[in-house]
Amino acid sequence: MATSSKLNSKIPEGILENKWTKYRSTVHLVNPANKRSLEIIVVGSGLAGSSAAASLAEMGYKVKVFCYQDSPRRAHSIAAQGGINAAKNYQNDGDSVYRLFYDTIKGGDYRAREANVHRLAEVSSGIIDQCVAQGVPFAREYGGTLSNRSFGGTQVQRTFYAAGQTGQQLLLGAYSALQRQVGMGAVQLLARHEMMDVVTVDGKARGIIARDLVTGKLERHFGHAVLLCTGGYGNVFYLSTNAMGCNVTAAWKAHKKGAFFGNPCYTQIHPTCIPVSGDHQSKLTLMSESLRNDGRIWVPKKKDDTRKAVDIPEEERDYYLERRYPAFGNLVPRDVASRAAKERCDAGYGVGASKMAVYLDFAANTERYGKIEATKLNLHNPSKDEIMRLGKEVVKEKYGNLFDMYKQITNENPYEMPMRIYPAVHYTMGGLWVDYNLMTTVPGLYALGEANFSDHGANRLGASALMQGLADGYFVIPYTIGDYLSEEIRTKAIPTNNEAFVKAEAEVQARIDKLFAIKGTKSVDNFHKRLGKIMWEKCGMSRDAEGLKWAIAEIQKLKAEFWSDVRIPGTNNEFNPELEKAGRVADFIELGELMCVDALSRNESCGGHFREEYQTPEGEALRDDDNFAFVSAWEYKGDSNFELHKEELKFENIKLAQRNYA
């Protein structure tokens with residue numbers, strides 16, 4: 001299989017372990033005086049955006065940051081709970097850069113670039129050092145050393161954490177670095193601004209059109225380079241663990257301006273989320289994967305068992321992950337755990353009123369912790385109640401905010417009754433195609449963090465999203481962007497009355513006017529919910545050819561109905577959340593079609609992409625490495641018209657094998 005002539009991954013020559021080191025030593029540089037005349041636009045202020053903006057401004061570039069929230073602190077990175085991976089080997093349990101690299105490639109079902117993943121593993125340790133220096137309050141052992149816990153798909157403890165709010169603490173660290181640059185005048189921060197389009201001049205990204213969400217005014221902004229750090233597109237499913245504002249609009253506008261979209265059908269279903277409770281819901285809530293460290297997942301052995309969980313004796317419980325995957329147990333990768341939960345529920349063993357949930361039970365480890373604490377306190381023959389009381393204190397210290405959140409939402413006490421969980425959409429491994437430098441197929445346009453496709457293959461391991469976002473922002477883009485900007489030092493700032501800016505703004509305004517002119521009868525949410533139902537049922541945890549063909553046809557009908565019958569109240573020249581949603585949902589509809597097209601074209605199962613026609617006798621994903629060991633990079637060719645380009649994946653350091661977690 002040959003890589004498309006339109007794709008150049010720009011992976012450095014040489015052995016894997018030396019690629020990044022050699023790259024940093026030989027990459028073109030921009031001298032400090034020239035940096036002061038180069039302008040960079042950063043769209044998005046989460047971990048990738050804030051860290052990139054702070055780092056680039058510290059280097060001397062002029063930086064503008066755009067976010068649609070009222071503060072960068074509200075970026076969705078704040079919602080990450082469980083932790084961040086790094087190959088520090090503090091536990092002396094055999095971890096290494098290579099093992100983190102191997103676990104990530106294997107966890108992604110061998111559908112990621114070796115060079116990008118190894119670089120991620122290499123810089124992971126530096127991320128922890130950077131964050132500790134910023135004052136991020138990682139959990140520590142009694143002796144003061146940083147604590148680690150396990151996450152899915154690994155047999156070592158490499159996840160650093162700050163209780164159940166790791167994303168919040170990391171974002172506050174990056175935000176502090178960003179605000180320092182804002183205070184020094186090196187960064188101009190524009191909150192409550194949404195990117196509406198990319199502006200290209202002579203084939204290069206030269207700026208954006210942004211909308212002031214408070215006044216409705218369209219603005220033109222120039223940059224020698226544009227960085228999209230806008231997160232993933234999980235809200236295409238309507239119900240997901242993402243914040244309701246998360247969207248694909250920036251990435252989709254870039255796609256329609258020439259940036260190829262990589263592996264759009266690779267979406268992650270997280271196994272531990274609070275189940276759907278009714279049609280009234282607008283989002284779902286994640287229960288951190290860290291809970292699988294101490295929680296055991298089970299269902300009753302008897303179908304349609306109506307007894308309370310605490311009334312079902314141990315011998316009548318099926319700890320199905322421990323049974324099917326004894327080597328990894330409850331810490332198998334997310335795609336494996338999610339499909340196993342779905343299989344049990346579909347077979348009639350689900351629990352709760354909907355029967356679409358399984359139990360996550362902490363009783364056994366609460367008791368284990370209690371016995372350890374009793375021994376520390378020199379308590380002889382403590383009662384069962386005393387042991388459980390002591391154990392609950394340990395569990396509360398580790399996961400207290402998660403347990404409190406669960407109780408607030410469900411009105412059930414997880415210290416006394418097992419949690420009910422079910423898989424839900426959480427993350428997207430697909431995104432804009434980028435080369436080794438994180439540049440898209442549009443020169444000068446970069447994609448960082450979850451907005452790109454590069455590091456996780458067909459399934460992301462837990463605690464690796466924060467790692468990638470900060471790696472891209474703090475340690476990768478500061479080097480790679482210089483390779484491009486070193487050729488731009490003679491390019492003067494392009495006035496925003498340039499024809500390309502005028503045309504782009506006119507096209508954005510025309511689209512807004514078109515939306516208001518429809519004056520239909522159905523709300524934006526009506527279309528979003530219907531799109532989400534199509535996507536979840538036909539392109540969610542499992543897919544098949546017949547269902548995907550049906551979904552493509554239905555989405556095309558939905559799109560036509562949207563543009564003829566959507567109703568948007570209010571006006572353009574004011575704060576108008578319905579207009580914001582309308583633009584985002586219109587893009588989600590087009591993306592949903594491409595996701596189904598991509599899933600239909602990939603006649604194999606791998607990671608989060610599970611085609612029912614391609615599975616092992618045991619119900620596991622069955623890859624086809626001979627025909628599908630490639631990245632799907634889709635080029636926009638017009639309405640409902642996408643052309644596939646393939647980037648061959650070469651595995652020179654890891655042997656391709658069927659994943660085995662048993």
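This chain uses plain numbering: 1 for the first residue, then up along the sequence.
- Aromatic ring orientation, H255 versus W252: tilted (interplanar angle from 30° to 60°).
- With rounding to the nearest 0.5 Å, the separation of CD1 in I209 from CD in Q509 is 11.0 Å.
- We find that R584 and E194 are joined by a salt bridge, their nearest charged nitrogen and carboxylate oxygen being less than 4.0 Å apart.
- Here the CE atom belonging to M595 is positioned 8.0 Å from the OG1 atom belonging to T428, to the nearest 0.5 angstrom.
- For the pair R192 and D212, the salt-bridge criterion is not met [side-chain N within less than 4.0 Å of a carboxylate O].
- Listed by first then second residue, pairs satisfying side chain to side chain donor-acceptor pair (under 3.5 Å) with a partner in residues 227-237 read N235-S240, not counting sequence neighbours.
- Between the side chain of R490 and the backbone N or O of E487 there is no donor-acceptor pair closer than 3.5 Å.
- The backbone N or O of A471 lies less than 3.5 Å from no partner atom in the side chain of S51, so there is not a single donor-acceptor pair.
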Are R334 and E289 close enough, and set up right, to give a salt bridge (charged side-chain N to carboxylate O under 4.0 Å, His left out), and what steps lead you there? CA-CA 9 Å; R334 292 173 175 178; E289 182 166 321; 2.3 Å; yes
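- Side-chain atoms of N437 do not come within 3.5 Å of backbone N or O of M439 as any donor-acceptor pair.
- Salt-bridge check for K533 with E554: failed, with every basic side-chain N at 4.0 Å or more from each acidic carboxylate O.
- The backbone N or O of C539 lies less than 3.5 Å from a partner atom in the side chain of R543, making a donor-acceptor pair.
- Rounded to the nearest 0.5 Å, atoms CZ (F222) and CZ (R206) are 6.0 Å apart.
- Side-chain atoms of N576 come within 3.5 Å of backbone N or O of T571 as a donor-acceptor pair.
- Proximity of a side-chain donor or acceptor of D472 to a complementary backbone N or O of L448 within less than 3.5 Å is not detected.
- With hydrogens and angles disregarded, a donor-acceptor distance shorter than 3.5 Å links the side chain of R119 to the backbone of Y436.
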Could you walk me through whether C273 and H426 pass the side chain to side chain contact (heavy atoms under 4.5 Å, CB included) check? CA-CA 9 Å; C273 302; H426 177 59; 5.6 Å; no
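- Side-chain atoms of E488 do not come within 3.5 Å of backbone N or O of Y484 as any donor-acceptor pair.
- Under a cutoff of 6.0 Å and an axis angle of 45°, R460 and Y266 do not form a cation-pi pair.
- Note on E590 versus K559: salt bridge recorded, some NZ/NE/NH1/NH2 to OD/OE distance being below 4.0 Å.
- Side-chain contact between R211 and N572 is present, with heavy atoms from C-beta onward closer than 4.5 Å.
- Ring pair F588/H528: centre-to-centre distance below 6.0 Å.
- In this structure, the side chain of N452 engages the main chain of A447 through a donor-acceptor pair within 3.5 Å.
- Across every non-hydrogen atom of Y61 and L485, the tightest pair is CE2-CD1, 3.5 Å.
- For the atom pair S45 OG and L171 CG, the distance stands at 7.0 Å (nearest 0.5 Å).
- Contact between K283 and L239 at its shortest, heavy atoms only, is N-CD2, 3.7 Å.
- D70 has a carboxylate O that lies under 4.0 Å from a charged side-chain N of R74, or vice versa, which qualifies the two as a salt bridge.
- One distance of note links CD1 of I41 with CD of Q188; it measures 10.0 Å at 0.5 Å rounding.
- The existence of a salt bridge linking K253 and D587 is confirmed by a sub-4.0 Å separation between a basic side-chain nitrogen and an acidic carboxylate oxygen.
- Minimum heavy-atom separation, D598 to N263: OD2-C, 3.5 Å.
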Apply salt bridge (charged side-chain N to carboxylate O under 4.0 Å, His left out) to residues K64 and E39 and explain how you reach the verdict. CA-CA 8 Å; K64 283 184 180 179; E39 302 180 40; 5.2 Å; no
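- Between H193 and H221, the ring planes are perpendicular. Angles over 60° get that label, and only those under 30° would be called parallel.
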Derivation of the side chain to side chain contact (heavy atoms under 4.5 Å, CB included) call for H270 and L286: CA-CA 8 Å; H270 198 294; L286 172 73; 3.4 Å; yes
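- A cation-pi arrangement, defined by a distance under 6.0 Å to the six-membered ring centre and an angle within 45 degrees of its axis, is absent between R220 and F501.
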Chi angles and distances behind the side chain to side chain contact (heavy atoms under 4.5 Å, CB included) call for S632, L644: CA-CA 6 Å; S632 296; L644 174 62; 3.6 Å; yes
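- Smallest separation of non-hydrogen atoms from L228 and A254: CD1-CB, 3.7 Å.
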Please walk me through it: do K503 and E499 pass salt bridge (charged side-chain N to carboxylate O under 4.0 Å, His left out)? CA-CA 6 Å; K503 181 182 177 183; E499 180 184 353; over 6 Å; no
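- Distance check, rounded to the nearest 0.5 Å: OG of S601 to CZ of F642 gives 12.0 Å.
- Pairs passing the salt bridge (charged side-chain N to carboxylate O under 4.0 Å, His left out) check and including a residue from residues 562-573, sequence neighbours excluded, read K522-D565.
- Contact detail for G207 and V226: the closest heavy-atom pair is N-CG2, 3.9 Å.
- Formation of a donor-acceptor pair under 3.5 Å by the K257 side chain with backbone atoms of V198 is found in this model.
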